[in-house]
Amino acid sequence: MKLQNVDLKQFAPWAVIVGVLGLVAAGVLWLLYRQFNAAVQISLIVGLLAFVAAILFRPGAVSTWAQGRQARYGANTALMIVALIGILVLLNYIVARLPIEARQRDLSEGSVNTLPQEAIDVMKAVPGTVRAVGFYTSRMASTQESTRQMLEKFRAVDPDKLSYEFVDPETNPVRAREYGVSRDGTLFLESGTRREEIRIVSEAEIASALVRFTQPEQRVIYFTAGRGEKGLEAGQQQETSMSVVVELLKKQNYDVRPLNLQLTDTVPSDARALIVAGPQQPLPQADVDKIAQYLTRERASLVALLDPTAQTQGANATGPDPLADYLSANWGVTVRDDVVIDLERSIQGQPLWIVANRYGSSPITDRLQNFATFFPIARSLEYTTTVPNLSTTMLVETGGQAWGETDIASLDDPSGPASDAGDATGPLVVGVAVENTQTKARVVVFGDSDFAADIVANEFANSSLFVNSVNWATRDDTLINLTQRTPPSRSLRVIDALTGNMILFVTVLALPALVLIAGGIVWFQRRRHV
């Protein structure tokens with residue numbers, strides 16, 4: 001059979017089918033990989049060529065269709081679609097010319113789609129420019145896209161300050177060897193001659209790397225040890241360890257070390273801060289003298305977390321507390337010998353587990369105003385502003401119904417404790433920050449250490465309060481509250497099996513059936529009038 005005798009019209013429907021399949025395949029591949037790669041391009045070309053072939057095979061069908069009523073309706077629809085696209089393009093052009101702050105609005109709960117102000121401040125504080133290089137194979141396409149979206153958040157702060165590129169280590173092994181890539185999905189940040197590797201990419205990890213660019217030197221902070229203070233490593237008893245907040249400090253480029261004051265004559269000269277975290281025994285006078293000598297240095301800092309003596313030594317504890325005496329005499333902060341009780345604002349009906357959401361005006365708490373903090377068994381503080389050269393700020397206080405119970409034995413009374421004449425009444429202060437205006441030394445005191453322990457550090461804003469206190473004490477204000485945010489989880493809870501069956505019936509059977517019935521009625525009515 002000769003080619004000119006073959007009726008090509010019979011192949012037109014098959015060409016249309018191939019064209020549709022080609023375009024669908026191109027769309028699916030692009031949605032999967034989000035890249036205009038070779039597979040997408042070939043599918044698109046095949047689809048378009050198939051439609052062209054269908055038109056060439058049956059040109060008369062196209063002419064007939066163009067003169068019909070459907071073509072006129074289709075032309076009107078196409079005109080409206082083109083007009084809509086034109087309006088959208090014009091609006092997009094106008095919006096694109098607006099400043100970034102004016103055209104970005106995050107309406108999600110918790111603003112999880114935009115950077116927190118702390119990360120924005122860090123991005124602005126980075127000297128010079130930052131370059132990100134991500135190594136992702138095609139198998140990590142979705143992870144690469146999430147990383148790109150995350151980098152775009154940081155780039156939106158200053159488009160000229162951050163640039164990024166992605167490299168496939170399989171197709172470009174030379175570049176991968178240059179960076180020492182050992183695993184798929186690794187991101188590198190570069191600023192000047194420094195390079196930071198991020199293996200698990202997240203908003204907090206990127207921000208922490210930027211922090212290290214702003215603070216190239218490692219800063220040493222010491223936690224006192226030897227008097228029953230909380231440990232730095234995770235332990236079986238989460239009440240006695242602080243590994244959660246320690247890890248947060250390490251991510252901010254702090255070098256965290258233990259320090260036994262009984263084994264040294266002075267606090268090391270490289271100490272940016274000294275932290276006393278819940279000693280179970282009063283520090284002896286010799287140790288307190290070393291702390292006092294350290295705080296005479298310029299820009300020295302102390303963070304003291306002091307639990308109630310009734311908690312650490314029992315209800316019959318007696319004897320001096322040299323550290324409390326020193327804080328009262330030299331920093332104007334009196335650590336009361338009581339236990340805070342709040343019958344109104346507490347957790348699970350436990351009046352000793354107080355919840356506070358009233359804060360003073362300080363860089364430590366300014367960004368915690370909409371959050372609560374939880375203090376399991378705390379003592380109250382009193383401060384004075386009469387000590388010369390001291391600037392004192394209240395950090396956290398309880399509600400007005402709280403009081404400081406001094407009769408510890410009454411806690412075991414079956415009728416419960418009650419506020420007596422000798423008890424301090426609320427609102428009670430549980431956190432204070434003090435700065436020496438001459439030496440610039442800083443001291444932060446809390447009447448509880450358990451709020452920073454592993455067992456509750458991730459509850460409420462506890463970890464942020466502690467880390468912010470350390471950052472303020474060491475004057476690293478750009479690091480304050482730089483913690484990872486978790487999007488709120490949403491789940492459907494079905495009450496019972498009947499409810500689940502009803503939802504299944506309505507969504508899977510009833511609604512589609514109604515659509516089919518409505519379509520059948522319309523078709524039948526039109527057939528009657530034909």
Side-chain angles (χ1 to χ4, degrees), residues 100-101 104 106 108 110-134 143-166 185-192 194-219 221 244-256 272 363-368 370-371 457-458 461-472 474-488:
I100 293 178
E101 296 81 3
Q104 287 188 340
D106 187 359
S108 62
S111 298
V112 297
N113 296 320
T114 53
L115 291 178
Q117 186 60 44
E118 298 80 9
I120 294 174
D121 294 341
V122 169
M123 185 65 199
K124 292 179 178 179
V126 175
T129 59
V130 179
R131 184 166 175 266
V133 182
T143 306
Q144 175 182 321
E145 175 61 19
S146 64
T147 301
R148 184 194 66 78
Q149 294 176 2
M150 203 172 302
L151 290 172
E152 280 294 339
K153 294 182 186 179
F154 286 89
R155 189 171 179 272
V157 177
D158 187 348
D160 297 329
K161 204 165 192 176
L162 175 65
S163 61
Y164 63 87
E165 66 170 317
F166 294 105
T186 302
L187 181 70
F188 293 88
L189 296 183
E190 299 174 323
S191 179
R194 299 194 60 198
R195 177 183 295 172
E196 293 285 342
E197 178 181 349
I198 302 176
R199 293 189 167 219
I200 302 177
V201 181
S202 68
E203 183 180 286
E205 290 295 331
I206 294 176
S208 296
L210 296 177
V211 166
R212 291 190 283 274
F213 289 148
T214 63
Q215 303 285 347
E217 78 283 355
Q218 198 166 40
R219 297 144 300 149
I221 56 177
V244 172
V245 294
V246 167
E247 286 303 314
L248 292 176
L249 292 172
K250 289 180 178 179
K251 288 182 178 181
Q252 295 183 356
N253 207 31
Y254 285 109
D255 183 0
V256 181
R272 291 285 292 270
I364 297 174
T365 55
D366 282 347
R367 290 173 180 143
L368 302 181
N370 296 324
F371 299 91
N458 288 323
N462 284 18
S463 61
S464 295
L465 178 62
F466 176 78
V467 174
N468 288 0
S469 299
V470 175
N471 289 334
W472 179 82
T474 59
R475 290 168 182 77
D476 292 321
D477 293 352
T478 58
L479 307 184
I480 286 180
N481 204 31
L482 190 60
T483 53
Q484 186 172 8
R485 298 175 299 169
T486 303

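Because the structure is predicted, anything quoted here is derived from the model rather than measured. Computed from heavy atoms alone, side chains included, the values below leave out hydrogens, waters and symmetry copies.
Between the Lys153 side chain and the Glu203 main chain, no donor and acceptor come within less than 3.5 Å of each other. Between the side chain of Lys161 and the backbone N or O of Met123 there is at least one donor-acceptor pair closer than 3.5 Å.
The closest side-chain donor-acceptor pair between Thr474 and Tyr254 falls under 3.5 angstrom.
Side chains of Thr147 and Phe166 form a contact here, defined as non-hydrogen atoms less than 4.5 Å apart. Taking the side chain as every heavy atom from C-beta outward, Arg131 and Thr129 never approach each other to under 4.5 Å. Between Leu151 and Ile206, the closest side-chain pair of non-hydrogen atoms falls below 4.5 Å. Side-chain contact check for Glu152 versus Gln149: every heavy-atom pair is 4.5 Å or farther apart. Put simply, the side chain of Phe154 reaches to within 4.5 Å of the side chain of Leu210, judged on heavy atoms. Looking at heavy atoms from C-beta onward, Phe213 lies in side-chain contact with Leu189 at the 4.5 angstrom threshold.
Annotation for Ala207 and Val122: closest pair O-CG1, 3.9 Å, computed over non-hydrogen atoms. The nearest pair of heavy atoms linking Val201 to Met150 is CG1-SD, 4.3 Å. Minimum heavy-atom separation, Ala457 to Asn462: O-CB, 3.6 Å. Nearest approach of Ile364 to Asn468, heavy atoms of both residues: O-ND2, 3.0 Å. In terms of heavy atoms, Pro127 sits closest to Ser191 at O-OG, 3.5 Å.
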Leu187/Tyr164 under side chain to side chain contact (heavy atoms under 4.5 Å, CB included): CA gap, chis, key distance, verdict: CA-CA 10 Å; Leu187 181 70; Tyr164 63 87; over 6 Å; no
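Separating the CG atom in Asp121 from the OG1 atom in Thr214 is a distance of 11.0 Å, to the nearest 0.5 Å. Rounded to the nearest 0.5 Å, atoms CH2 (Trp472) and CG (Asp366) are 12.0 Å apart.
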